[in-house]
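Input: a single structure, listed below in C-alpha cells.
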Amino acid sequence: MDITPQSLVVVANRLPVDAQVTEGTEGRTVTWRPSPGGLVTAMDAVMRSNPGAWVGWCGTAGLELDPFTDDSGRTLVPIPLSATDLEEHYEGFSNASLWPLYHDGVAPPEYHREWWATYEEVNRRFADAAAAAAAEGATVWVHDYQLQLVPAMLRAMRPDLRIGFFLHIPFPPHEIFRQIPWRRQILEGLLGSDLIGFQRKTDASNFRRTLRMQLGMQTQRTFVKVPGTRADEPERLVRAEAYPISIDSADFEALARSPEVQDRAAEIRRELGNPDLLMLGVDRLDYTKGIRHRLRAIGELLDEGELDPTRAVLVQVASPSRGRVELYQAIRDDIESTVGRINGSFATIGHNPVIHLHQPQPREEIVALYLAADLMLVTALRDGMNLVAKEYVASRFDGDGVLVLSEFAGAADELTQAVTVNPYDIDGLKAAIMQAVTMDRSERRRRMRFLRRRVMENDVQAWAHRFLDALTGSET
Ligand code: ADQ
C-alpha cells in the first residue's frame, strides 16, 4: 500500500499499538491494541495537531503488515522483523552489546559480528520506511539505541529532512564507549541528525568528548562541527544537548486523586496488616535497576533490628519487559532467592517483610501503591532518567512521602530534594533509608513540595515540544 507522505515522522523500535493475531476458520485476523507508554503519551501531545506517521515494529515476529491510518489520523508503518532479526538486532546487539555498555558496563557486554550485520540491516529497513513516509522537508524524530544508524542512512537518501535523535539511555564516557568494535559507524550514524538529545548534561558532554577523541572533531558549546564527506560538501553543525524526559504529570495526579485509586491505596495498607512503614520498589526486571542492592540493605536493616520485621514491609514490583523473559530468568531467580532468605528469617504467620510481585501491574494499581507507600526506593546502578521516581512524585498530591533516589539515575539532576544515594555503598544506602524513615513530617512535606514543583512543571508534553522546537528552529 502506498502511503501519503507526512510532515512529521516518528521512528521507534515499537509502534504505539501491538498487533493481536488470531487464526480463525476464515483466515487470519489482525486487531490492534494500544501499547501505552511514556513515549506514546509524549508523542500523542505533539501529534494531536500534526498526526504524522509512526514507523516501528508491530510486536509479532515474522508478521508483514501494510501501513494503515488509525482513528486519530496517524499513519502507522509496521516494520517486519523475523525471529532472527529479533534475536540478533534486538536481544543481541541492542540488549546484550549496547545496553550493558551504555550503562557503564554494569554487566559485561558481548560482541558478535553477525549481530552487528543484522543491526545494520534492520536499521536500513527502518530508514527506508522512514524515507518513504516523509514528505519533502519533513521532520523525522528517531528514538533510542536500537536505531542509531538510521539518522545517517536517512540523510544520505533524503538530505531535505530535519532529523532529530533522542537517546533514552545514558551515553557512557569515551573510555567505555571506545571498546565497541563498530564505534566509528555508530558515531557517524548518529551524526546524520541535526539535533541529538540526551537525558543528562553529562551524557551530552560524554558524546561530544567521544567525537573529539575518537573522530578528531571540533565542538563548540553544544555544537559539533561535522566536516563534509566530499570536498564540495559544506561543514554541518550538529547540536548535542540534554532534554530530560518526563511523564504526563497531570495524568498521574488525576489518577491518584480518583476515589477508586485512593480507596485501593487504603485497602493495600489494610491488606498488608496496616504496617508502620511501607517501602516500595517498582522496576522493570533488569540488572541496571539495583534491586539486589536494595534488598541487601533492607535485609541488613532487619538483621540489625533497625527495622522491625513485624511493622515494616517492602513491596517490590519487578516484572520482565515484553519479550525478554528468558534472558531475565537469572535475575528473577536471584531476587526470589534473596526475598526467600529475608522472609525465611523474619516472616511471622500472616506477615512477610518483603513481597515480590512478578506480574506487571495495571497503572491504577501502580499509582495506588505510590499513594500507599511511605518510602519510594529507586536505587538504579545506572539509568537514563527513571520515570518511576517522577511518577511517585506526581502521584503524591497529598504532599507526603519520601523519595530515596540513586545519584546514577538521570532524575537525580532535577530531583535534588530527594534523599540521594550511591547504591553501591550498602552502608550509605542503609543510612539513607533510615534518614527517610525517621524524617519528620514538616521536612518530608518541604522536600515533596520542591519535587512536585519540578515534576509538574517539566512534563512530557513540555519535553517533546522543547525537543521539536529546537529541531525545527522554532524555539523562542
Ligand atoms: P525503563 O528502563 O523502562 O525506560 P523507567 O524510566 O523507570 O525505565 O520506565 C519504566 C516504566 O514502566 C514506568 O512508567 C513504570 O511505571 C512502568 N513499570 C515499571 N515496572 C512495572 C511493572 N512491574 N508493572 C507495570 N509497570 C511498570 C527507559 C530508560 C529510562 C528512561 C525511559 C524513558 O531505561 O532511564 O527514563 O526509558 O526515556
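We count ligands from 1, going down the list as the structure has it; atoms in each ligand are counted the same way.
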Per the salt bridge (charged side-chain N to carboxylate O under 4.0 Å, His left out) rule, what does the pair list look like for residues 448-460, sequence neighbours excluded?
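Residue pairs with at least one partner in residues 448-460: Glu253-Arg452.
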Considering only heavy atoms, does [X] approach ligand 1 within less than 4.0 Å through its side chain, its backbone, both, or neither?
X	answer
Glu391	side chain
Lys289	side chain
Tyr370	side chain
Ile245	side chain

Is there side-chain contact between Gln316 and Arg294, with at least one heavy-atom pair below 4.5 Å?
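With C-beta onward as the side chain, the pair touches.
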Any heavy-atom pair between the side chains of Val313 and Asn352 that's under 4.5 Å?
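Not touching, per the 4.5 Å side-chain cut-off.
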Please list, in number order, the atoms of ligand 1 under 4.0 Å from a heavy atom of [X].
X	value
Ser319	22 (C), 23 (N), 24 (N)
Asp283	19 (C), 20 (N), 23 (N)
Pro360	24 (N)
Arg284	1 (P), 2 (O), 3 (O), 19 (C), 20 (N)
Gln361	24 (N), 25 (C)
Val388	7 (O), 15 (C)
Val317	22 (C), 23 (N)

What residues form a salt bridge (Lys or Arg N to Asp or Glu O under 4.0 Å) with Glu175, not counting sequence neighbours?
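Salt bridge (Lys or Arg N to Asp or Glu O under 4.0 Å) check on Glu175 returns Arg209.
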Under 30°, 30 to 60°, or over 60°: which ring-plane class applies to Tyr119 and His89, parallel, tilted or perpendicular?
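Tyr119 vs His89 ring planes: parallel.
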For the pair Trp99 and His103, name the ring-plane relationship: parallel under 30°, tilted 30 to 60°, perpendicular over 60°.
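Tilted.
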Roughly how far, to the nearest 0.5 Å, is the CZ atom of Arg445 from the CG atom of Asp400?
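Reported to 0.5 Å precision, the distance equals 5.5 Å.
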So, 4.0 Å and heavy atoms of [X]: is ligand 1 close enough to count as a contact?
X	value
Gln359	no
Trp99	yes
Gln199	yes
Tyr392	no

Has ligand 1 got any nitrogen or oxygen that is less than 3.5 angstrom from a nitrogen or oxygen of [X]?
X	result
Leu387	yes
Phe166	no
Gly384	yes

Ion pair Asp413/Lys201, N-O distance below 4.0 Å:
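Judged by the 4.0 Å cut-off on N to carboxylate O distance, Asp413 and Lys201 do not form a salt bridge.
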Below 4.0 angstrom, N of the basic side chain to O of the carboxylate: do Lys430 and Glu300 qualify?
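Salt bridge: yes.
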Taking the minimum heavy-atom distance to atom 26 (N) of ligand 1, which of Leu285, Ile366, Asp383 ranks first?
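That would be Ile366.
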Using the ring of Phe171 (Phe, Tyr or Trp, six-membered ring only), decide whether Arg208 places NZ or CZ under 6.0 Å from its centre and within 45 degrees of its axis.
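Cation-pi check for Arg208 and Phe171: fails.
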With no hydrogens and no angle check, is any side-chain donor or acceptor of Gln417 less than 3.5 Å from a backbone partner on Leu415?
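No, Gln417 side chain to Leu415 backbone: no donor-acceptor pair under 3.5 Å.
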Sub-3.5 Å donor-acceptor pair from the side chain of Tyr392 to the main-chain atoms of Ala373, do we have one?
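Such a contact is found between Tyr392 side chain and Ala373 backbone.
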